[in-house]
Protein chains: 2
Amino acid sequence: MKREQVTIKDIAIELGVSISTVSRALSNNPLVKPETREAIQKLAKEMNYHPNFTALSLRQRKTRTIGLLIPQVVHEFFAQVIRGIEDVAYKQGYNVLISTSNESYDREARNAEELLNGRIDGLLACITKETSSIDHFEEYVSREVPLVFFDCVPDDILSDKIVIDDMDAGFKATEHLIKQGCTRIAFIGGPKALNTNQERLLGFENALKAYGLPVDKKMILHGTSGKYEEGLELSRALFSGDIIPNGVFAATDMLGIGAIKNVKEAGLQVPTDVAVIGFSNWEIGAIYEPGLSTIDQRGYELGKIATNRLLDRIHSDHQLPVTTKVIKTTLIQRGSTSRL
Amino acid sequence: MKREQVTIKDIAIELGVSISTVSRALSNNPLVKPETREAIQKLAKEMNYHPNFTALSLRQRKTRTIGLLIPQVVHEFFAQVIRGIEDVAYKQGYNVLISTSNESYDREARNAEELLNGRIDGLLACITKETSSIDHFEEYVSREVPLVFFDCVPDDILSDKIVIDDMDAGFKATEHLIKQGCTRIAFIGGPKALNTNQERLLGFENALKAYGLPVDKKMILHGTSGKYEEGLELSRALFSGDIIPNGVFAATDMLGIGAIKNVKEAGLQVPTDVAVIGFSNWEIGAIYEPGLSTIDQRGYELGKIATNRLLDRIHSDHQLPVTTKVIKTTLIQRGSTSRL
DNA sequence: TTTGCTTTTGAAAACGATTGCATTTAGATA
DNA sequence: TATCTAAATGCAATCGTTTTCAAAAGCAAA
């Protein structure tokens, strides 16, 4: 019953002036006489006036809100990205509307569709593992609604993309293992179809080749979830083969920790018998024993850069050229690969 | 330039009918002639029409959006809560607007103020560690804007609250240590002022008393962050005192793991020499060695219950009585306390 | 006073939808 | 053909703002 907001009209009636004058007074428009302005501003404060966001959005045809489409929130990487996004968005007076697809393609498509209803000024998106078709993003492109992809990005779409250099990171991780004296290095990764995963694998293979080591398909295993339990399983498979690796590059930290756990259970020493490096730099890797060497995925920076790009696009009055920004990663060495 | 959304008016002009007819046709109003309706719906689809969210919100005076005010996203507990919230909200056609305060009271107050501008239909809030004054929530109460607090809730506000039974949980955790044969039990916790922390401590003390064990103030230490490093430090302080504990109840999992790490470094065995139990049931606790016994904080349920309550309030046409719901926790036993 | 200028104010349209009410149209009946 | 009724459509107000344009008010100069 009392839910009604105080409006500009209430103030106008109270003071016996017109709506326009109140509007002007509140925006400090010099057209209105100082005394009037002060009286209006005083009353507005007293009445607890808050300008109605929806009316403003409709009138100005912008919502000061950016959409964020991600597979999941319960994920250290995305949490970092969100923090980066919010830090930038916030400073520029933007809010963030998060839409989670729960790794479901259908939900992603529905969410993307729904966000086209004018409630956001632009969209930041990271596609799910299973996303193949990108029809649901085409209208953003054709209508020129600002759209920036980050991390997991579709190949064939004319849109800004911010990604980390997964191939380079894969190369660095593998090179690091080689330099630590590993000669039989295995790769355990996520879904084969995932482009970030492919890139990491490519970097892995390139490094082996660059250092004259053989690329053995039996030493390359793919999972689906990238989780701890999967790391355990893949590692078990790996260490029951005919060639026992002395180095493992895991495409996620949780896979890496699962691998270490299995190695320890198999009675082998990490890093002496087997060195393991992960990917992402999750907090757990620093605490686990031994500490997990890893690649820092720079989620926070990724979020910041993507948001800046999106806001540039939103604020630009002409159509900006489409760019792809590749961010370099850094390697973090911990106990799990320190053999020298 | 092409950013314009297709509006109902565009369709009306194209088909030479009135705006009202289009509106009715799109909402399947039986007043409009079947052929007209079909023609309109067909064209709407062809033209990629999406009803403008902002206009709809203004007209209907509701936004189908709920606000979420939390200290941080990068936190497994909040991530769980968010998932619970989204699952419920989503099913009922609501979106979630997340506002992060970064544990800053000022930012929390500003965010709360800002969300009063009519862009949300109701607010879910968890206050920060440092929040003392709750003025910024008073207007929600006086204007009867639906508001539900969860987890960290202010004492003196007439509003729904969903909390876990921290005292009971503290009691259970401590009782568990006692039943595992611990006789000198320490408590390491978060900020003294935090009500959840106080409750856990109270449960701790009650359990000691209930089992005839002395409450020694020297065995009760408070930190500020609840993080791993702090767990290490507090534990060091604890184990350099004159009485060495043989059980530790840590008010967060990260404190617990820090404590275990220190105990191990001190050359003691977990759980034989010292049993440790944490709080929250973070993923890391299941993976760490030894596995960390803990209290499951049920973030997902908390999120679901809070959202259901908020939506009830939003949908109710009369003012519902204010309630406080207390959720019981469950104890998860792992290696760190298994001494029998 | 009248004129002309500046300062200040107000009326009304617009943003994109919904909806109560009035009007038109079509078909049926007299 | 005229009248009545029901079906279909359109007009206009509304939601809360901003902003253009017109009008009023105040004041100085003629």
Side-chain angles (χ1 to χ4, degrees), chain A residues 3-41 43-44 47-65 114-121 143 145, chain B residues 3-41 43-44 47-65 114-121 143 145:
Chain A
R3 278 184 205 177
E4 310 300 320
Q5 242 185 305
V6 176
T7 73
I8 228 177
K9 193 176 165 190
D10 300 326
I11 300 179
I13 292 173
E14 186 81 13
L15 252 56
V17 296
S18 76
I19 288 180
S20 347
T21 303
V22 176
S23 171
R24 279 190 277 254
L26 292 174
S27 59
N28 284 315
N29 187 320
L31 276 182
V32 35
K33 186 158 61 171
E35 302 103 78
T36 321
R37 173 174 10 119
E38 274 150 34
I40 291 173
Q41 291 189 346
L43 185 63
M47 293 177 78
N48 252 317
Y49 168 77
H50 299 271
N52 183 288
F53 168 82
T54 308
L56 247 136
S57 299
L58 183 59
R59 177 65 226 244
Q60 326 231 355
R61 317 173 101 230
K62 59 186 180 198
T63 62
R64 298 224 132 231
T65 304
E114 205 204 300
L115 288 174
L116 265 173
N117 63 7
R119 69 175 307 177
I120 56 170
D121 293 345
R143 282 230 328 260
V145 178
Chain B
R3 277 184 205 175
E4 310 301 318
Q5 241 184 304
V6 175
T7 72
I8 226 177
K9 193 175 166 191
D10 299 326
I11 300 179
I13 293 173
E14 186 80 14
L15 252 59
V17 296
S18 77
I19 288 181
S20 349
T21 304
V22 177
S23 170
R24 280 190 276 254
L26 292 174
S27 58
N28 283 315
N29 188 319
L31 277 182
V32 35
K33 185 156 62 169
E35 302 102 79
T36 321
R37 173 170 14 117
E38 274 149 34
I40 290 173
Q41 292 189 347
L43 184 64
M47 294 178 78
N48 251 318
Y49 168 78
H50 299 270
N52 183 288
F53 168 82
T54 308
L56 247 134
S57 298
L58 184 60
R59 176 68 227 243
Q60 328 228 329
R61 316 174 102 232
K62 59 187 179 197
T63 61
R64 297 225 133 232
T65 304
E114 204 204 301
L115 289 173
L116 265 173
N117 62 7
R119 71 174 307 177
I120 56 171
D121 293 344
R143 282 229 328 260
V145 178

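Atom CD1 in B:Ile11 sits about 12 Å away from atom C1' in C:dG16, given to the nearest Å. Rounded to an integer number of Å, the gap from A:Ile40 CD1 to C:dT8 P is 13 Å. In this structure, CD1 of B:Ile13 is placed 15 Å from C1' of D:dG10, rounded to the nearest angstrom. Look at CD on B:Gln5: it is 19 Å from P on C:dA14, rounded to the nearest Å. With rounding to whole Å, A:His50 atom NE2 is found 11 Å from D:dT17 atom P. The CD1-P distance, from B:Ile8 to D:dT14, rounds to 19 Å in whole Å. Regarding B:Leu58, its CG atom lies at a distance of 9 Å from the P atom of D:dT17, rounded to whole Å. The interatomic distance linking B:Arg119 (CZ) with D:dT17 (P) rounds to 15 Å, in whole Å.
B:Asn28 approaches B:Arg37 most closely through the heavy-atom pair OD1-CD, 3.5 Å. Residues A:Pro51 and A:Leu56 come closest through the heavy atom pair CB-CD1, 3.7 Å. In terms of heavy atoms, A:Thr54 sits closest to B:Leu58 at CG2-N, 3.4 Å.
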Q: For B:Thr65 and B:Arg119, run side-chain contact (heavy atoms from CB on, under 4.5 Å): C-alpha distance rounded to whole Å, both residues' side-chain angles, the deciding distance at 0.1 Å, then the answer.
A: CA-CA 7 Å; B:Thr65 304; B:Arg119 71 174 307 177; over 6 Å; no
Q: Apply side-chain contact (heavy atoms from CB on, under 4.5 Å) to the pair B:His50 and B:Val6, showing each step before the final yes or no.
A: CA-CA 7 Å; B:His50 299 270; B:Val6 175; over 6 Å; no
**Q.** Derivation of the side-chain contact (heavy atoms from CB on, under 4.5 Å) call for A:Thr21 and A:Thr36
**A.** CA-CA 9 Å; A:Thr21 303; A:Thr36 321; 4.1 Å; yes
Q: Before giving the answer on side-chain contact (heavy atoms from CB on, under 4.5 Å), spell out for A:Gln5 and B:Arg143 the whole-Å C-alpha distance, their side-chain angles and the decisive distance to 0.1 Å.
A: CA-CA 8 Å; A:Gln5 242 185 305; B:Arg143 282 229 328 260; 3.4 Å; yes
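Sorted by residue number, the members of residues 25-39 of chain A with any non-hydrogen atom under 4.0 Å from DNA chain C read A:Leu31, A:Val32, A:Lys33, A:Thr36. Within residues 15-22 of chain B, the residues having any heavy atom under 4.0 Å from DNA chain D are, by residue number, B:Gly16, B:Val17, B:Ser18, B:Ser20, B:Thr21.
Contacts of B:Phe53 with the nucleic acid, taken as non-hydrogen atoms under 4.0 Å apart, are absent. If you check every strand for non-hydrogen atoms under 4.0 Å, B:Thr7 touches sugar and phosphate atoms only.
Listed nucleotides D:dC15, C:dC15, C:dA17 differ in distance to B:Asn52; the shortest reach to its side chain belongs to C:dA17.
Evaluation of atom-type donor-acceptor distances gives a pair under 3.5 Å for the side chain of A:Arg24 against the base of C:dG10.
Note: A:Ser57 OG to A:Asp121 CG = 8.0 Å, rounded to the nearest 0.5 Å.
For B:Leu26, the side chain to side chain contact (heavy atoms under 4.5 Å, CB included) criterion is met by B:Ile8, B:Val22, B:Ile40, B:Gln41, B:Ala44, B:Tyr49, not counting sequence neighbours.
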